[in-house]
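Read the numbers this way: they start at 1 and go in the same order the structure lists the ligands and their atoms.
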Amino acid sequence: METQHSLGNNPETESRVVVVTSGKGGVGKTTTTANLGMSIARLGYKVALIDADLGLRNLDLLLGLENRVLYTAMDIVEGQCRLDQALIRDKKWKNLALLAVSKNRQKYNVTRKNMQNLVNSVKELGFHFVLIDCPAGIDVGFINAISSATEAVIVTTPEITAIRDADRVAGLLEANTIYNVKLLVNRVRPDMIQKNDMMSVRDVQEMLGIPLLGAIPEDTNVIISTNKGEPLVLNKKLTLSGIAFENAARRLIGKQDYFLDLNTPSSGIEDSWRQKLQDFFLGNS
Ligand code: ADP
Ligand code: MG
């Protein structure tokens, strides 16, 4: 751990509760939650990830913690266990914890009030960040998941259907008084952008009018890391997607201005990565 951060005396007012959401399913919410969470934890913050998505590919799998999920939020609600028993700490990064909402795929068994109580209890434990992996769609599961968040990251791919759904979600977030919203564009393919077969990150950002948190390339390493149960940002080998997620995490915690940094001259191998990322944003690589 690089540094330890202190929350001061009143953790409740200082933890940031961020929901990772999208309109369309399968655009990369869970991948984003795992990688942002791991990056922020590695920067020394206490991070709790709440898996409110009951979809197929779950956060516990991505983190390699699937065998450790003994209790879920449902068990807490039913009085079967305490919060600390359901919060699973990462094997290596002990300041990263995971809470699964449900194991049995029963969809709406956690109410809005349950969710708010859970998030409040997690905040009381002194976590700096609570990231909520939201279910796809905009039904009751979505409303429950966003009910205790004060910030949101909207994930979209550069496809018109995903963008349209992201726009609807942006409207719903606003209607639920979540105004601090940032955009993450995932699965970007510079080769396709160059041929005008895909919208550039800038085009997507302008269409939605939401500040950009980051852009992540389409990368087979994402799939490899999912299968290994190890977030990309832990890779020893530098990958463009891993760096892109790390930069997004730094932006989220306000540590780095991504764009400025990309323009700062430096030397050696980093230069080519910086150039690649910059091209990425401009959609001209
Ligand atoms: P969601 O949680 O929104 O349903 P996931 O994070 O589960 O989406 O991602 C859906 C699928 O897309 C997964 O198989 C994942 O490995 C893949 N994926 C996500 N982001 C990328 C990427 N940048 N490059 C390649 N594959 C990706
Ligand atoms: Mg998911």
Backbone N or O of [Y] within a donor-acceptor pair of the [X] side chain at under 3.5 Å?
{"X": "Lys195", "Y": "Asp191", "result": "no"}
{"X": "Asp75", "Y": "Thr72", "result": "yes"}
{"X": "Asn144", "Y": "Met115", "result": "no"}
{"X": "Asn58", "Y": "Asp60", "result": "no"}
{"X": "Arg168", "Y": "Ile163", "result": "no"}
{"X": "Asn176", "Y": "Ile178", "result": "no"}

OD2 (Asp53) to the Mg ion (ligand 2) to OG1 (Thr30): angle, nearest 10 degrees?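 Value returned, to the nearest 10°, is 120°.
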Which of these, Thr226, Asp219, Thr32, has its nearest heavy atom closest to atom 24 (N) of ligand 1?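 Closest candidate by heavy-atom distance is Asp219.
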For atom 22 (C) of ligand 1, which of Thr156, Ile223, Val222 has the closest heavy atom?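 Selected option, by shortest heavy-atom distance: Val222.
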Give yes if a backbone or side-chain nitrogen or oxygen of Ser22 is under 3.5 Å from a nitrogen or oxygen of ligand 1, and no if not.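 Not met; the criterion fails.
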Going by distance only, is there an N or O of Asp53 that falls short of 3.5 Å from an N or O of ligand 1?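 In this structure, Asp53 places no N or O atom under 3.5 Å from an N or O of ligand 1.
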Taking 4.0 Å as the limit for heavy-atom contacts, which would you say applies to [X] with ligand 1: side chain only, backbone only, both, or neither?
{"X": "Thr220", "value": "neither"}
{"X": "Thr31", "value": "both"}
{"X": "Pro217", "value": "backbone"}

Any non-hydrogen atom of Gly26 lying under 4.0 Å from ligand 1?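 Under 4.0 Å: yes for Gly26.
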Evaluate the side-chain proximity of Glu151 to Arg16: yes if any heavy-atom separation is below 4.5 Å, no if none is.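 Yes, at least one pair of side-chain atoms sits under 4.5 Å.
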